[in-house]
Amino acid sequence: MNLMPFAEARERTLARVSPLAETETIPVVSALGRVLAEPVVAPFNVPNHDNTSMDGYAVRYEDLAASGDTALTVVADLPAGDRLTQTIGAGEAVRIMTGAPIPDGCDCIVIQEVVQRDGSQLTVPQGQKQAQNIRRAGQDIATHSDVFSRGRRLSPPDIGMLTSLGLSDITVHRRLKVAVVSTGNEVITPGTPLEPGQVYDSNRSSMKAVLQALGVDILDLGIIRDEKEAIAAALRRGAAEADVVLTSGGVSVGDFDLVTDVISELGSIDFWKVRMKPGKPQAHGRIGNAIFFGLPGNPVSVLATFLLLVRPAMLVMMGCPPEPQKQLTIQFRGAPINKTGDRMEFARGILHYEGADAWIESTGSQNSGILTSMSKANALIVLPDDPIVVNEGDTVTVIPIEY
Ligand code: AMP
Ligand code: MG
């Protein structure tokens with residue numbers, strides 16, 4: 001059987017998708033996880049003015065004696081939020097609080113812990129440095145500098161930065177809409193006791209959970225029986241109403257694996273067998289304008305193929321620039337892995353970090369029906385196409401799991 005190498009499957013998956021063209025302008029405070037459709041340029045300096053990073057006294061450095069104490073007179077009090085209009089003259093100082101603008105004439109902040117104060121009299125010890133404890137205007141972001149490029153997926157600190165630039169609304173790509181379908185006569189929803197041969201629909205829940213984490217709109221089309229007409233109706237509806245149709249199950253070569261047939265009739269299949277484990281049977285294609293990802297039925301395969309192929313493609317559709325797969329090499333420890341077969345394998349692993357030491361171990365049994373392996377894992381261990389034994393102390397390539 002002709003299997004497509006994993007690297008080619010990933011390339012083709014990314015090549016097949018493009019960013020959603022439609023944009024919308026939304027409040028910055030609602031934009032977490034959204035993707036910028038326009039670059040953001042700083043309209044002004046942040047901070048906007050030189051200010052003090054400490055509570056203390058603003059002084060003129062030239063007034064301070066090179067050795068011994070200096071006596072100064074406190075002429076004003078400056079809490080954060082206030083400003084002084086007067087220029088500070090020789091021998092004068094200003095009581096100042098963190099964040100307050102540096103008064104004209106001053107160029108040094110002396111922290112309150114080292115001075116002596118008696119009424120308006122201030123004694124400053126030697127050893128101060130010019131410009132100490134001053135945050136310069138534009139130190140964080142300079143006027144006209146590029147703050148974010150288009151395609152930036154906004155993180156919590158990004159939301160804070162946009163607000164510090166005075167922005168209340170921002171233009172982002174519209175949300176990706178994804179239709180989710182489970183297939184299988186044996187698959188049921190929790191709420192009814194399991195009859196022999198039945199399984200609860202964990203795939204639709206885990207697919208919806210990963211989609212929630214990505215921040216896309218979900219169209220839940222439920223569980224569809226292994227009947228061509230029913231599958232076709234669900235996929236047609238998904239393709240009409242969503243940008244992406246995501247199914248699980250029914251893409252293998254069993255008698256009831258009808259999804260691939262239906263896609264060939266409704267749309268087109270780009271490829272459907274990948275040299276990877278878990279996740280050999282997959283169907284990637286198109287129905288009308290919608291991108292179709294037919295994931296395998298096994299619960300582990302669903303998540304692994306989602307992370308390795310579907311998620312990167314969805315991020316591109318959401319407007320993010322395509323990224324190479326993040327991976328690192330690290331020491332393997334624990335019970336050896338004996339990898340057989342000729343498919344690239346993504347074994348579930350647990351990355352440990354302990355001080356300067358970091359290593360990975362296997363989660364144990366790698367059967368693709370064992371969802372606990374995926375639940376325990378925080379990384380995938382990449383094993384080459386050819387058989388290999390990985391022993392304690394060997395170096396392996398791993399892909400950290402990011403949901
Ligand atoms: P399939 O690819 O449809 O032959 O399914 C492969 C295996 O995954 C079978 O053991 C199915 O029972 C199981 N499976 C399929 N769909 C689901 C689902 N939605 N939730 C949990 N297990 C499933
Ligand atoms: Mg099935």
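Whatever order the structure lists ligands and atoms in, that order sets their numbers, starting from 1.
Screening Val216, Leu176, Val178 for a side chain to side chain contact (heavy atoms under 4.5 Å, CB included) with Met317, the sole residue that qualifies is Leu176.
A salt bridge does not link Glu361 with Lys376: none of the charged nitrogens is closer than 4.0 Å to a carboxylate oxygen.
No hydrogens or angles considered: a donor-acceptor pair under 3.5 Å links the side chains of Ser373 and Arg348.
Scanning all heavy atoms of the two residues, the minimum distance from Ala31 to Ile170 falls at CB-CG2, 4.0 Å.
Expressed to the nearest 0.5 Å, how far CD of Glu92 lies from OG1 of Thr87 amounts to 10.0 Å.
Ordered by chain and residue number, the residues placing a heavy atom less than 4.0 Å from ligand 1 are Ser182, Thr183, Glu186, Val187, Val199, Tyr200, Asp201, Ser202, Asn203, Ser248, Gly249, Gly250, Asp257, Gly297, Asn298, Pro299.
Ring-centre distance between Phe293 and His284: below the 6.0 Å cut-off.
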